[in-house]
Every structure is written in C-alpha cells, then in structure tokens.
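Quick caveat, the model's predicted, so the values are computed rather than measured. Numbers here are sequence positions counted from 1.
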Amino acid sequence: MALGKFLLRRTLQGLFVIWGVVTVLFGLRAVSPGDPATLMLGQGATQELVQQVREAEGLNDPIYVQYADYIGGILQGDLGYSWRSERQVEMMVIERIPATVELAVAATVIALVIAIPLGVVSATRRDTPSDYGATLFSLLGISTPNFWLGLMLILLLGVWYGIPYPTIDTAGWTPLGIGMIDLPTGRRAVGFGEAVTTLVSTGSPAELGLWLKHITLPAITLGTYFTALITRLTRSGMIDELGKPYVTATEAKGLPGTLIQYKHVLRNTLIPIITVLGLQMGTLMGGAVITETVFNWPGLGLRLINALGVRNWPVMQGIIIFIAVMFVIINIVVDAVYTYLDPQVSLG
C-alpha cells in the first residue's frame, strides 16, 4: 500500500476516533446532573433569568439539535464559551498549550538522554552492578506514582534540606515560609520561547536559567516513569539484538564494540522505542494533569482540574478534545516514522 493511501486511511480512522470522543463527551454532559444555565448563573439567579439563558444557549432545543449545533461549532473551530468566565474555550485551550508542550517535551528529553545510554550499558554489562542498578531504577520508576514523587521532591529539596530549588524571587512563584521552599502560583515567569529569544537578542542566559529552574522538577517528576520504561525497553531490545548472527559477523570484521552497539544494534532496537515514544508523548500531554496540579504548573492539565472542580463542561470538553486530537496526530506520525526506520514493515 502506498504511503499516501496509508496516511489517508489512518487519518480517516483518526477522525472517527475524534468523533467518538466528541460524542461521548456530549452524551456525558447531557446526562450529568444539574442545569447548565443554573451552573452558569449561580444558585442565586432568578428563574426568569435562568430561562432566558436556556433559550439563548439553545438548551431548550431537542437533544439532537443541540448535538448537531455542537458538532457544527467544532467543525468551525468553535468550542463554545466558558460557563464561568464567558471566554472562548478555544482561546483558553490555546493559551495553555505552550506550558504543557514544554513540560511534555522536557520530560521526554530527560527520559531519552538518561534511558537510552542506561539501557545500553545495562544490556552490554549484564549481571554487573551497573545492570542491577539500572534494573532497580527502572522498577522503582515504573512503580512510583507521579503525585507522590512530586510531593517528595518538594519535601526533600525544599523543606528538609532547604535547597532553594525550585525557587525564584520573581513573579510566578511565591514563598511558602517553610524552610527555603517556594510554591508556584500557577503562572510562569518566562516561557521557553521568550527565554531563547532573550538569549539570542541580548546574550543574557538569565531568563533561560529561570525557565530551567521552573521546569526541571516538574519535568523530572513527569519523565521518571517514561525514563524507566524506555530503559527497560532498550535493555531487552539490545539483549535480543546482541544475540543475532549479524552482530557476530560485524565483530568478526573487527568493528569496535561501541560502534556495533550504537550504530547497528541500537538502530534496530529503536523501532519499539519509537512506538512507545509516540504513544507516551500523547500520554504525557494528558497525563501531565497530576504533575501540573502538584507543581501548580499552568498547563492544560491544571486548567482541566480547575474546570472539573466547578463542572465547567465546555472547558473540560475542549481540553479533552484537544488531547484526543494530539493522540491521533502523534500516532499517525509514529506510523510514518516506523515505516521509515524499518521498510520491511507493511503498510497494509
């Protein structure tokens, strides 16, 4: 099957998945208890005002009409208005995307930088202290809940040992007054783009350092599970590949062991890792909810939790639909990369 036809088929499948997510969300909203108009106006609103809002928002229309209006709005990029702030949901989603993407990418970079070399060392030095240490790390990383790890990092680094980390004395974090720890206020002092722009234009690394202070602990917390998972995959994949005849043949040709491991063996090991990487990137986007809540990181996850707390359905729906779209896009990209790395993989 040609790559173009394959991508078209995967895109259609992805659109079907997104439609399913949108439909389920609409159904949950329709059957959830409580009157949307009352939720918008508050319990003190008069019945006359509630009826006016119901009429204006189309809540008195039949359910199939509301569904058609909702689907039509999404197709035009209109996700509705927040029931609390009356802001456009798409704008509330868009403004939080950079923070979540930065966190997910930072967690992925940390995971890959640590996990792949660790997995290679573990596989090539089996039954040594290095292998045991890597195995123990991966087991602990997979078993440790994100929220617990985040809280422990804050407790250990900030409260017990008084390490000013993460801590800044500018907007975005506010002193707690216990030891040296500062807690975030849900705002970022600086984003990655601004920090890099300042570095390029003025040569000052101060804002880049500030950004790193903000993001390091949340990224470590979010990326620990991912690091452990990639370490295990790299180790098991490398062990399988090292036992194959082509490795013996390349060794017989006199190629250095490091070259064989990283150029030939690791390349063949990357295929399942790429698959997991793609799937986990989507998971990181959605799974950052807990980490963002623990660190008050101003991303989509924190906004989702806040919307859930006040039953702000339009915002919840908008964020979940965005995450679903990201899942679909990432999976399609992963499939394309998969076929590039291994042309033997069928597109059928």
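Counting heavy atoms from C-beta on, the side chains of N312 and M316 never come closer than 4.5 Å. By the 4.5 Å heavy-atom criterion applied to side chains, R10 and N331 are counted as neighbours. Using a 4.5 Å heavy-atom threshold, the side chains of E292 and T100 count as touching. Residues F295 and L217 meet the side-chain proximity criterion, which asks for heavy atoms closer than 4.5 Å.
In terms of modelled atom types and a separation under 3.5 Å, the side chain of W297 and the main chain of L302 share no donor-acceptor contact. Panel note: side chain T128, backbone R125; a donor-acceptor pair is recorded below 3.5 Å. When atom types are taken as modelled, the side chain of R96 and the backbone of G299 share a donor-acceptor pair closer than 3.5 angstrom. Put simply, the side chain of S143 never gets that close to the backbone of L140: no donor and acceptor are under 3.5 Å apart.
Criterion: ILVMFWY side-chain heavy atoms under 4.5 Å apart, direct or through other members. Under it, Y64 and L25 are not part of a common hydrophobic cluster.
Y132 pairs by the ring-ring contact (aromatic ring centres under 6.0 Å, His included) definition with nothing, not counting sequence neighbours.
In this structure, S122 OG and D127 CG are separated by 9.5 Å, a value rounded to the nearest 0.5 Å. Between the CD1 atom of I230 and the CD1 atom of I116 there is a distance of 7.0 Å, given to the nearest 0.5 Å. The line from CD of Q88 to CG of D78 is 6.5 Å long, rounded to the nearest 0.5 Å.
More than 12 heavy atoms of other residues, nucleotides or ligands shown are found within 6.0 angstrom of OH on Y67. Counting non-hydrogen atoms of other residues, nucleotides and ligands closer than 6.0 Å to CE of M152 gives a total above 12. Heavy atoms of other residues, nucleotides or ligands lying less than 6.0 angstrom from CD of Q51 number more than 12. More than 12 heavy atoms of other residues, nucleotides or ligands lie within 6.0 Å of CZ in R87, so this atom counts as buried by the packing criterion.
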D61 and Q66: CA distance, side-chain angles, deciding distance, side-chain hydrogen bond (donor to acceptor under 3.5 Å, both in side chains) verdict: CA-CA 6 Å; D61 294 337; Q66 295 183 42; over 6 Å; no
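The minimum heavy-atom distance linking I319 with L304 is given by the pair CD1-N, 3.6 Å.
Using a 4.0 Å cut-off between a side-chain N of Lys or Arg and a carboxylate O of Asp or Glu, E95 and R303 qualify as a salt bridge.
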